[in-house]
Peer 1: 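Below are the structure tokens for one structure; questions will follow.
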Amino acid sequence: PTEYRSLVKRVEADFRAQGKGTVSAICEPPAEVFSTMMEALRQKGDKAEAWVPVKLLAEDGSVVTEVRFLDSVKKL
């Protein structure tokens with residue numbers, strides 16, 4: 001169990017190429033996403049939001065789509 005709950009409030013996508021075959025998603029947010037969110041939780045109280053990047057890759061490793069989602073975190 002965690003003391004926070006997360007909600008995806010918005011999703012945006014930039015399509016780069018047509019995906020053929022298996023496509024995989026890679027979500028490796030930069031450290032500043034977490035540090036910004038934690039700092040906002042300390043300053044503002046019980047809520048914070050940050051855009052989190054995700055890349056969809058084709059089997060050959062090329063980028064098919066770049067996605068961002070707005071993650072809203074709330075302290076319970």
Peer 1: For residues Val67 and Leu57: do they belong to one hydrophobic cluster (side chain heavy atoms under 4.5 Å, members Ile, Leu, Val, Met, Phe, Trp, Tyr)?
Peer 2: no

Peer 1: For the CG atom of Leu7 and the NZ atom of Lys9, what is their distance to the nearest 0.5 Å?
Peer 2: 7.0 Å

Peer 1: Is Val11 linked to Val52 within one hydrophobic cluster, defined over Ile, Leu, Val, Met, Phe, Trp and Tyr using a side-chain heavy-atom separation of less than 4.5 Å?
Peer 2: yes

Peer 1: Supply the atom-to-atom distance Glu12 CD to Leu70 CG, rounded to the nearest 0.5 angstrom.
Peer 2: 8.5 Å

Peer 1: Which residue in the set Arg5, Lys47, Glu3 passes side chain to side chain contact (heavy atoms under 4.5 Å, CB included) when paired with Lys75?
Peer 2: Glu3

Peer 1: Minimum heavy-atom separation for Ala40 to Ala48, with atom names?
Peer 2: CB-CB, 3.8 Å

Peer 1: Do Leu56 and Phe15 share a hydrophobic cluster (ILVMFWY, side-chain heavy atoms under 4.5 Å, transitive)?
Peer 2: no

Peer 1: Crowded around Arg10 CZ? As in, over 12 foreign heavy atoms under 6.0 Å?
Peer 2: no

Peer 1: Nearest 0.5 angstrom please: Met37 CE to Trp51 CH2, how far?
Peer 2: 11.5 Å

Peer 1: For Ser62 and Ala58, indicate whether the former's side chain and the latter's backbone hold a donor-acceptor pair under 3.5 Å.
Peer 2: no

Peer 1: Decide whether Val33 and Val73 are clustered together by the hydrophobic rule: side chain heavy atoms of Ile, Leu, Val, Met, Phe, Trp, Tyr closer than 4.5 Å, transitively.
Peer 2: no

Peer 1: How far does CD of Glu49 sit from CG of Leu41, to the nearest 0.5 angstrom?
Peer 2: 11.0 Å

Peer 1: Any chance you could measure Ile26, atom CD1, to Lys55, atom NZ, to the nearest 0.5 Å?
Peer 2: 10.0 Å

